[in-house]
Amino acid sequence: MSKTEYTGHPDARRPKKTPLSWIIFALLAIIVICCNYIGCREYGRIDLSEYESYSISERSKKLLESDAIQKRETPIRIIFAFPASSPGYHRMYVLLEEYARHSNGKIEIECFDPLRQPGRAHDIEDIYNVKCDQELCIIDARNDKNAPTNHYDADPSKANQFRIITGSQFLKYDIRPDGKRQVVALMMDDVLCDELIKAIEGRQRKMCIITNKSSLQFDNKGNLDTTTISTIRSIVGSLNINLIPAVLSETEEQEIPDDIDGLIIIAPQSDFEPCQIKTIEKFWDRNERKSIFIALDPSLPFYSTQKIKDKDAKGDDIVKDVFGPTLPNLYGFLSRNGIKPSGDDRIMLKNSQRLVNNISVVFPNNALPCTQSFWNNTTQLEGRCRSFYLVHQDESEASARKLVQYPLIYTTDEYYGETNPNRGAAYNEHDDINGPLCVAAAVTKGTVNDPNRMNTLVVVGNVDMLAEEGARKEIRDYLRSVWAWMTERPEYAGKSANIDLTVKIDLNRHSRSAVEHLTLIIMPLLALLIAIFIWNTRRH
């Protein structure tokens, strides 16, 4: 017997090197080499923070991927002159890197500390004619980098190709109980996206807001007070739209200028005259891209007694009282285009039969394609709402005019429209309007194949969503996406970034009810059961 066959010998206990071991070792080496090669060629980042605090928003990504940036021949320069000790500096620096990464080289980033690099600060002051004595962010979207930086004073068409953002615009402060300021939100992604749109577009788009039929107010200087419609002010500011107050003549038709891209009607309190409706219809029937946005006031009665002019048997002018719709001409214009207000319906809960001002709504999946990221999402809508029917008076006429309807916002199934408030009875499925109820809708006129000749009409049955305190973040983002589509720029649609640096717990009606049951009933009963169990154990 040889020593290798003897199991007790050390040579017999040594592991034998088989060819399979060498094959496994070679494959392992190949895998390691391939992983290193892929890691050097491909680069990716994963944001593992809870609220994706180091990622740019979906809206910013769509902007960076749009043709307006990707087809530029000259890259856009973003100069970030912030001291490293600034609040939120690290997060802002990472967001700038994300902008450069998603732009595919169309955005160049330069970051420097003006306190530690005074030489570079003086160069920036000489080039852009600014003072670096405060935190600044400069967006330079000029195609000709040798053009003077004060060109926006001489050429209004290029006024937005050069933007200066102060550091205070990036941060939102709140006053603590001790009177000191505290940073509560980082606005950088939203502000940078808004200013980037202004920098690359140049000319501002114009929209007229009709002021002589609504309850809009003016300040001492005669300017439109937008505090009650701050959501619209935020939308038009983020989409590079100039809001122009306008008055429609009540005696004759008008010709709206060609450079007006849209009309806005907010909470009309009195009906439009026939000549005013003809002015709106003429604008709506133009064979070019035009849009109309209408927000109805649910607090205004749908039916009322009105004084109208008529003639008696002798042909003399008389004034008589007639009971009917409060805004018959405006409602008629909406109905002819496929959006019919449902009347004096009050939105009620089926189970409790009570009027609610905090309504659970859903964004349907058959809405506009630009709102796809919101489809089937739910949120809360503050304030009273008016519902609509999406129905055409004449299907053949609607087909000839190429009218297409889109529901934008629906209530959930738990709500219904009460048609007779004086009945005092519970929900009646035959008389009342069954949910879900449409509280916002859109209509297009034209062909999708030629978007430059497709007009858009958007109607909402809620005015509280237009006030900043009455609109949630999802509602504001959704309305901004709809307005981006209205102004022929659907690539600017999408959800905005999470700006809060503090954690907020937002409870809807169902969540509050669950918390109340948990804290007031379940937890006391559980404590009582534990106490009874301990008492019974000790008693025996």
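We number each residue from 1, following the sequence as shown.
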Quick one: side chains of residues 61-71, donor-acceptor pairs under 3.5 Å with protein atoms, not counting sequence neighbours, listed by atom name and distance.
unit_1: Ser66; atom_1: OG; unit_2: Leu63; atom_2: O; d: 2.6
unit_1: Gln70; atom_1: NE2; unit_2: Leu64; atom_2: O; d: 2.6
unit_1: Gln70; atom_1: NE2; unit_2: Ser103; atom_2: O; d: 3.1

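Looking at Thr231 and Ser234, their side chains never bring a donor and an acceptor atom within 3.5 Å of each other. Looking at Gln276 and Ser249, their side chains never bring a donor and an acceptor atom within 3.5 Å of each other. Side chains of Asp271 and Tyr331: no donor on one and acceptor on the other come within 3.5 Å. Residues Arg489 and Thr487 bring a donor and an acceptor atom of their side chains to less than 3.5 Å of each other. Side-chain atoms of Thr166 and Gln169 include a donor-acceptor pair closer than 3.5 Å. For the 3.5 Å distance criterion, the side chains of Asn337 and Trp284 qualify, holding a donor opposite an acceptor.
In this structure the side chain of Ser387 never reaches within 4.5 angstrom of the side chain of Cys438, judged on heavy atoms. Side-chain contact between Ile347 and Pro298 is absent, with no heavy-atom pair separated by less than 4.5 Å. Within the 4.5 Å cutoff, no side-chain heavy atoms of Ile264 are placed close to those of Ile210. Side-chain contact between Arg59 and Ser238 is present, with at least one heavy-atom pair separated by less than 4.5 Å. Inter-residue side-chain proximity for Lys282 and Glu255 is flagged as met; some heavy-atom pair is nearer than 4.5 Å. Looking at heavy atoms from C-beta onward, Leu196 lies in side-chain contact with Ile107 at the 4.5 angstrom threshold. For the pair Asp285/Lys290, no side-chain contact is recorded, criterion being any heavy-atom separation below 4.5 Å from C-beta on. Inter-residue side-chain proximity for Ile200 and Ile76 is flagged as met; some heavy-atom pair is nearer than 4.5 Å.
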Between Tyr406 and Thr444, does the side-chain contact (heavy atoms from CB on, under 4.5 Å) criterion hold? Intermediate values first, please. CA-CA 8 Å; Tyr406 296 91; Thr444 61; 3.7 Å; yes
What verdict does the side-chain contact (heavy atoms from CB on, under 4.5 Å) test give for Leu300 and Leu327, after you've listed the backbone C-alpha separation in whole Å, the side-chain angles of each residue and the deciding distance to 0.1 Å? CA-CA 10 Å; Leu300 184 72; Leu327 308 174; 3.9 Å; yes
Run the side-chain contact (heavy atoms from CB on, under 4.5 Å) check on Ile294 and Leu334 step by step: do they pass? CA-CA 10 Å; Ile294 301 176; Leu334 297 179; 3.8 Å; yes
Pair Leu95, Leu186 - check side-chain contact (heavy atoms from CB on, under 4.5 Å), show working. CA-CA 11 Å; Leu95 292 177; Leu186 180 63; 4.2 Å; yes
Walk me through whether Tyr99 and Asp189 qualify under side chain to side chain donor-acceptor pair (under 3.5 Å). CA-CA 9 Å; Tyr99 265 83; Asp189 187 38; 2.8 Å; yes
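The main-chain N or O of Leu408 is found under 3.5 Å from a side-chain atom of Tyr478 such that the two form a donor-acceptor pair. With hydrogens and angles disregarded, a donor-acceptor distance shorter than 3.5 Å links the side chain of Asp140 to the backbone of Arg142. With hydrogens and angles disregarded, no donor-acceptor distance shorter than 3.5 Å links the side chain of Arg163 to the backbone of Cys137. A donor-acceptor contact shorter than 3.5 Å links the side chain of Asn212 to the backbone of Leu248.
Residues passing the side chain to side chain contact (heavy atoms under 4.5 Å, CB included) test with Glu110 are Arg77, Ile79, Phe112, Arg120, sequence neighbours excluded. Every ring-ring contact (aromatic ring centres under 6.0 Å, His included) that Phe293 has, sequence neighbours left out, goes to Trp483. Residues passing the side chain to side chain contact (heavy atoms under 4.5 Å, CB included) test with Asn376 are Asn365, sequence neighbours excluded. For Ser270, there are no side-chain hydrogen bond (donor to acceptor under 3.5 Å, both in side chains) partners two or more places apart in sequence or in a different chain. Residues meeting the ring-ring contact (aromatic ring centres under 6.0 Å, His included) test with Tyr93, sequence neighbours left out: none. Glu135 is linked by a side-chain hydrogen bond (donor to acceptor under 3.5 Å, both in side chains) to Ser86, counting only residues two or more places apart in sequence or in another chain. Among residues two or more places apart in sequence or in another chain, the ring-ring contact (aromatic ring centres under 6.0 Å, His included) test is passed with Phe388 by none. A search for side-chain hydrogen bond (donor to acceptor under 3.5 Å, both in side chains) contacts involving Asp297 returns Gln269, Ser299, not counting sequence neighbours. Glu273 is linked by a salt bridge (charged side-chain N to carboxylate O under 4.0 Å, His left out) to nothing, counting only residues two or more places apart in sequence or in another chain. Listed by chain and residue number, nothing satisfies the side chain to side chain contact (heavy atoms under 4.5 Å, CB included) test with Glu73 (two or more places apart in sequence, or in another chain). Remark: Trp485 engages no residue in a ring-ring contact (aromatic ring centres under 6.0 Å, His included) (not counting sequence neighbours).
Considering OG of Ser214 and CD1 of Ile265, their distance stands at 9.0 Å, rounded to 0.5 Å. Here the straight-line distance linking atom CG of Leu96 with atom CD1 of Ile78 works out to 6.5 Å at 0.5 Å rounding. To the nearest 0.5 Å, atom CD of residue Gln117 and atom CD1 of residue Ile124 are 10.5 Å apart. Atom OH of Tyr415 is separated from atom CG of Leu437 by 10.5 Å, given to the nearest 0.5 angstrom. Atom CD of Gln204 and atom CD1 of Ile244 lie 9.0 Å apart (nearest 0.5 Å). Note that the OG atom of Ser55 and the NE2 atom of His102 stand 7.5 Å from one another [nearest 0.5 Å].
In terms of heavy atoms, Leu263 sits closest to Met207 at N-CE, 4.4 Å. Counting all heavy atoms, side chain and backbone alike, Ser496 lies closest to Ser57 at C-CB, 3.4 Å. When every heavy atom of Ile475 is checked against every heavy atom of Gln380, the shortest pair comes out as CG1-O, 4.3 Å. Between Cys385 and Asn462, the shortest heavy-atom distance links the atoms SG-ND2, 3.2 Å.
Between Asp194 and Lys198, none of the side-chain N atoms (NZ, or NE/NH1/NH2) sits under 4.0 Å from a carboxylate O, so this pair counts as no salt bridge. One finds a salt bridge joining Asp477 and Arg480 here, because a Lys/Arg side-chain nitrogen approaches an Asp/Glu carboxylate oxygen to under 4.0 Å. A salt bridge is defined here as a Lys NZ or Arg NE, NH1 or NH2 lying under 4.0 Å from an Asp or Glu carboxylate O, and Lys495 with Glu474 fails to meet this definition. Salt bridge status for Asp258 with Arg286: present, with a side-chain N to carboxylate O gap under 4.0 Å. Between Lys213 and Glu250 there is a salt bridge, since a side-chain N of the basic residue sits under 4.0 Å from a carboxylate O of the acidic one.
Within a 6.0 Å sphere centred on NZ of Lys206, other residues, nucleotides and ligands contribute 12 heavy atoms or fewer.
Relative orientation of the Phe82 and Phe170 rings is parallel, given thresholds of 30° and 60° on the angle between their planes.
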